[in-house]
Structure formats: structure tokens, C-alpha cells
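For reference, the structure discussed in these notes is given below.
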Amino acid sequence: MIEAGTLYIVATPIGNLGDITQRALDILAGVDVIACEDTRHTQKLLSHFTIKNNTMSLHDHNERQRQDQIASMLTEGKSIALVSDAGTPLISDPGFHIVKHLRQQELNVVPIPGACAAIAALSVSGLPTDRFTFEGFLPSKSGARKTVLSALENETRTMVFYDAPRRALDTVEDIVSVLGGDRHVAIARELTKTFETVHSDSAENLKTWLAQDPNQLKGEMVLMIEGAKKDTESISPEAQATLKLLVAELPPKKACAITAEIYSLKKKALYDLALSLK
Ligand code: SAM
């Protein structure tokens with residue numbers, strides 16, 4: 001089942017070791033070598049499953065140097081597994097440069113899917129999952145964090161971030177100041193581990209909740225922010241009814257101008273709605 005000349009991108013657990021797949025175990029046991037973000041860390045995982053295999057390091061600092069070596073090994077017919085310390089490699093973890101390089105050379109790269117903290121968190125957050133954006137790690141300094149949040153002010157999709165729980169209170173304070181206290185925020189901490197906690201509330205309430213319980217500032221965390229309301233969602237039912245009547249009699253531009261005047265609304269938001277009513 002192991003194909004020669006293939007790099008396998010193998011997801012490993014994000015806490016609970018029971019979350020590794022049978023296919024991942026077979027690949028880790030059967031490849032010629034396992035490229036690890038941290039060989040000692042992966043050795044513990046391998047020992048737990050009594051797998052003995054060769055390892056080599058592949059981390060942020062040597063990834064580009066390793067790419068030719070890995071390409072040559074694959075060309076010679078070797079099979080390699082790539083793992084990070086936890087979860088899916090390449091997702092805020094090393095591996096992107098290697099995969100890009102191998103794809104350019106039309107070498108075989110195969111995913112062995114499994115745990116990913118962002119997806120696990122989103123699946124239990126209660127926030128919309130039909131469209132979302134993964135934003136990676138939030139900056140650790142408040143100024144840079146606020147800049148990132150400001151740039152996402154009008155993002156309507158659910159936003160998923162990795163963040164350190166020890167910064168969670170500061171981050172939520174920044175969310176309150178940049179996006180407002182009403183915005184819904186969910187945190188998923190220590191997923192699949194003993195102290196797994198998932199909590200969601202308005203940013204303002206979440207701030208109070210975090211401030212009251214220092215235990216919530218430990219471990220690992222995914223933070224998710226509800227998307228901005230679409231402009232049309234802030235148009236009252238009365239304004240929508242008026243626009244509907246006017247749009248049936250007048251050109252959309254005129255209908256919007258009158259409705260905007262009566263209800264003190266922005267013409268742009270009304271125009272999108274008017275077109276959908278036409
Ligand atoms: N590649 C990994 C994945 O697929 O999730 C993510 C690696 S990134 C370096 C590590 C970050 O993922 C942590 O700082 C945290 O934000 C998140 N994370 C990892 N494990 C987690 C867990 N068990 N519970 C909550 N967040 C977790």
C-alpha cells in the first residue's frame with residue numbers, strides 16, 4: 001500500500017492519541033523515512049504505537065535546504081512521510097515550500113487526512129461554517145493585532161485564528177475595541193485533552209468570563225469571530241417593505257434614494273437589496 005516515490009503528508013493527533021487514523025499508522029510504519037518538525041517529539045508518538053522507523057528533521061529553518069534532498073530521494077523511488085508536532089502539516093506548520101517544490105517537479109504528494117485544530121474548533125463553535133476564513137496566528141503585540149482586526153472589520157465569513165490562551169484576554173479586549181462588544185466570539189481550548197473547553201458569547205461577555213477564570217488562560221486555543229453582518233441585514237423590515245413598493249414603480253436608483261432619505265440609510269446597501277428585489 002506504500003507507493004514508491006511518494007511524499008505522504010500525515011496528520012497526527014492534536015492531543016488525544018486515539019485520534020490518529022489506521023492509515024496514518026500504516027504509512028508511518030511503512031515509509032523509508034519520516035520527516036519530522038521535531039524528531040524527539042515524533043519519536044514519542046512512534047514509541048506509543050510501537051513503530052520503529054528512520055526519522056529526519058524538517059522544520060522552518062531547514063525546509064528550503066532539504067527540498068532538493070527530498071526530491072532526489074523520491075526520484076530514487078523512496079517513500080517519505082511528513083509530520084508536524086501536532087495536527088495537519090502545513091497548517092501553521094512547516095511543509096509548504098517542500099510541497100510547492102515537489103509539485104513543480106510533478107512528484108507524487110499524497111494527503112493522509114486527520115486532526116486539524118482549526119477544523120475541530122469550527123465544527124463545535126456554533127458559528128456559521130458554510131463560509132469561513134482561516135487567518136493563522138494573531139500577532140502577539142496589541143498594536144499589530146488591532147491592525148489585523150481592523151483589516152477584517154467588514155469580513156462577513158467566520159474568522160478562525162490560532163492564539164495563545166495567555167493572550168486571550170488581551171485579544172478579546174482588542175476585539176471589543178476594534179469590532180465592538182456585540183460581536184460573537186468562540187474559543188476552543190485544549191481540544192481532545194482533559195481540560196477541553198468550548199465557550200462562545202458576545203466579545204464583551206467573553207471578556208468578563210475570561211477575566212474571572214485564570215484557568216482559561218492556559219494550554220492551546222483556537223479563537224473564532226463571527227463575520228460582520230451583511231449591510232442588508234441592518235435594513236429594518238419597514239425600510240425593506242418601502243423599498244419593495246418603490247422598486248416596483250421606479251428605477252432602482254430613484255427607489256433607493258427615496259428609501260435612504262426616509263430611513264437615514266446608505267444608498268449602497270439599499271441598492272444591493274433593490275437589485276435582488278427587481
Ligand atoms: N498544524 C496544526 C493543526 O493542524 O491544527 C496547528 C499547528 S500550530 C503550530 C499550533 C496551534 O494550533 C496552537 O497554538 C493552537 O492555536 C492550535 N492548537 C493545536 N492543538 C490544539 C488543541 N488541542 N486545542 C486547541 N487549539 C490547538
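Numbering of ligands and ligand atoms starts at 1, following listing order. Please read these numbers as outputs of a predicted model, since none were measured by experiment.
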Item checked: Closest non-hydrogen atom pair between Leu58 and Ala35, with its separation -> CB-CB, 4.0 Å
Note to self: With a 4.0 Å heavy-atom cut-off, what residues sit around ligand 1?
What the structure shows: Ile14, Ala86, Gly87, Thr88, Ile91, Ser92, Asp93, Cys116, Ala117, Phe137, Tyr162, Asp163, Ala188, Glu190, Leu191, Lys193, Glu220, Met221, Val222
Check: Nearest 0.5 Å, what's the CG-OG1 distance between Leu107 and Thr6?
Finding: 9.0 Å
Next item on the list: Over 60° means perpendicular and under 30° means parallel, so classify the ring planes of Tyr162 and Phe134, tilted if in between.
Entry: perpendicular
Next item on the list: Could you please spell out the steps behind the side chain to side chain contact (heavy atoms under 4.5 Å, CB included) verdict for Phe132 and Ile119?
Entry: CA-CA 10 Å; Phe132 64 90; Ile119 298 298; 3.8 Å; yes
Notebook entry, point to check: Is the number of heavy atoms from other residues, nucleotides or ligands within 6.0 Å of CZ (Phe195) greater than 12?
Noted result: no
Notebook entry, point to check: What's the shortest heavy-atom distance between Ala203 and Gly180, and which atoms?
Noted result: CB-O, 4.0 Å
